[in-house]
Amino acid sequence: MLFGPGGAGKGTVADRLVDQVPDLWLSRSWTTRERRAGEREDAYVFVDRETFEANADADGFFEWAEYLGNLYGTPVPAPPAGADVLLEIDLQGAQQVRRRCPGATLILLKPPSPAVQEERMRARGDDEAHVARRLAEGAEEVRTGMTIADAVVTNLDVPQATARVAGIVEGCRAAASQGGGSSREPTAAPAEPLTPHPDRHEGS
Ligand code: 5GP
């Protein structure tokens, strides 16, 4: 699972990962946020709050959270047979997944600097108030994220970050197969905790 502050590049890295790594299935989240200008129609399932809450009440979400006034949720995963699930979520969602699925692999993707994070958010059309709030929260999200993450990757550039995350996924699959467990369960987890990634102890 990829998590981290807004502007870290999670969406871009997640899209590249599913293109590059076989048998990886990216969950499509629901949100009550309005679609941004130019954003893909299938970036989320865009719904109103009532529809979202009805699905939450019906236990239709694996996890959900409110982020800056909008609701975001991961539907209960239904991947094709044999595929591993990739989630791209915020810190609160990562904390819920950690509680619900202790063996899940949590990868914190962080921006190389607040300036780059700000530039990425502006480039994709986030409004000014939103950028300011996210920057203020981003540092705290990274600090807390470091305490629950199995691995930390700094997104210096997309190909490099994607390659690092792909390496982590391969490591998980190898560990799962050596441990005799399956890495192919929907929400599953490698059989053993991840070997600390080289980025794990880098300074933040
Ligand atoms: P954005 O509005 O920029 O698309 O997303 C805002 C934040 O919500 C991002 O940190 C994104 O990763 C997170 N997010 C997207 N989908 C989900 C989800 O299903 N659950 C949770 N908890 N967070 C999500």
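Whatever order the structure lists them in is the order used to number ligands and atoms, beginning at 1.
Per-residue contacts place Arg36 under 4.0 angstrom from the following atoms of ligand 1 (heavy atoms of the residue considered): 1 (P), 2 (O), 3 (O), 4 (O). Distances below 4.0 Å separate heavy atoms of Glu63 from the following atoms of ligand 1: 18 (C), 19 (O), 20 (N), 21 (C), 22 (N). Atoms of ligand 1 found under 4.0 Å from any heavy atom of Gly93, numbered from 1 in the order shown, are 22 (N). Contact atoms of ligand 1 toward Arg33: 1 (P), 2 (O), 4 (O) (distance under 4.0 Å to a heavy atom of the residue). Those atoms of ligand 1 with a heavy atom of Ala65 less than 4.0 angstrom away are 22 (N).
Side-chain atoms of Glu140 and Thr144 form a donor-acceptor pair, as typed in the model, at a separation below 3.5 Å. Side-chain polar atoms of Thr12 and Asp15 form no donor-acceptor pair below 3.5 angstrom.
Taking all heavy atoms of Val45, Ile89, Asn70, Leu71 into account, the minimum distance to atom 24 (C) of ligand 1 is reached by Ile89. When the heavy atoms of Glu39, Glu137, Arg134 are ranked by distance to atom 7 (C) of ligand 1, first place goes to Arg134.
Residue contacts with ligand 1: Gln96 is excluded, as none of its non-hydrogen atoms falls under 4.0 Å. Within the structure, ligand 1 has Tyr67 among the residues with a heavy atom less than 4.0 angstrom away.
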Salt bridge (charged side-chain N to carboxylate O under 4.0 Å, His left out) for Arg36 and Asp126? Distances and angles first, verdict last.
CA-CA 8 Å; Arg36 295 186 187 108; Asp126 283 17; 2.8 Å; yes
Checking Glu39 against Arg33 for the salt bridge (charged side-chain N to carboxylate O under 4.0 Å, His left out) test, could you report, in this order, the C-alpha distance in whole Å, the side-chain angles of both residues, the deciding distance, and whether it holds?
CA-CA 12 Å; Glu39 188 172 25; Arg33 163 169 81 61; 2.8 Å; yes
Could you check Phe61 against Phe52 for ring pair (Phe, Tyr, Trp, His ring centres under 6.0 Å), going step by step and ending with a plain yes or no?
CA-CA 9 Å; Phe61 290 119; Phe52 191 103; 4.4 Å; yes
Apply salt bridge (charged side-chain N to carboxylate O under 4.0 Å, His left out) to Glu128 and Arg133, showing your working.
CA-CA 9 Å; Glu128 285 305 309; Arg133 283 176 71 192; over 6 Å; no
Check step by step if ring pair (Phe, Tyr, Trp, His ring centres under 6.0 Å) holds for Trp30 and Phe46.
CA-CA 6 Å; Trp30 289 27; Phe46 293 96; over 10 Å; no
Verdict with reasoning, Glu118 to Arg122, per salt bridge (charged side-chain N to carboxylate O under 4.0 Å, His left out)
CA-CA 6 Å; Glu118 186 172 353; Arg122 291 227 163 81; 2.8 Å; yes
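Polar contact with ligand 1: absent for Gln92 (N/O pair, distance under 3.5 Å). By the 3.5 Å distance cut-off applied to N or O atoms, Ser29 is counted among the residues near ligand 1. Of the polar atoms of Gly6, none of the N or O atoms is found under 3.5 Å from an N or O of ligand 1, judged by distance alone. At least one N or O atom of Glu88 sits closer than 3.5 Å to an N or O atom of ligand 1. Considering backbone and side-chain atoms together, Tyr72 places an N or O closer than 3.5 Å to an N or O of ligand 1.
With Gln96 contributing its side chain and Trp64 its backbone, the two residues share a donor-acceptor pair below 3.5 Å.
Of the residues listed (Pro77, Pro79, Pro75), the one engaging Ser27 in a side-chain contact (heavy atoms from CB on, under 4.5 Å) is Pro75, and it is the only one.
The pair Glu88-Arg28 does not meet the salt-bridge criterion, since no charged nitrogen lies less than 4.0 angstrom from a carboxylate oxygen.
What sits closest to atom 4 (O) of ligand 1 on the protein, heavy atoms only, is Tyr44 OH, 2.5 Å. Protein heavy atom in closest approach to atom 23 (N) of ligand 1: Asp90 N, 3.1 Å. Of all protein heavy atoms, the one lying nearest to atom 9 (C) of ligand 1 is Lys10 NZ, 3.8 Å.
Heavy atoms of Met121 found under 4.0 angstrom from ligand 1: none, in either backbone or side chain.
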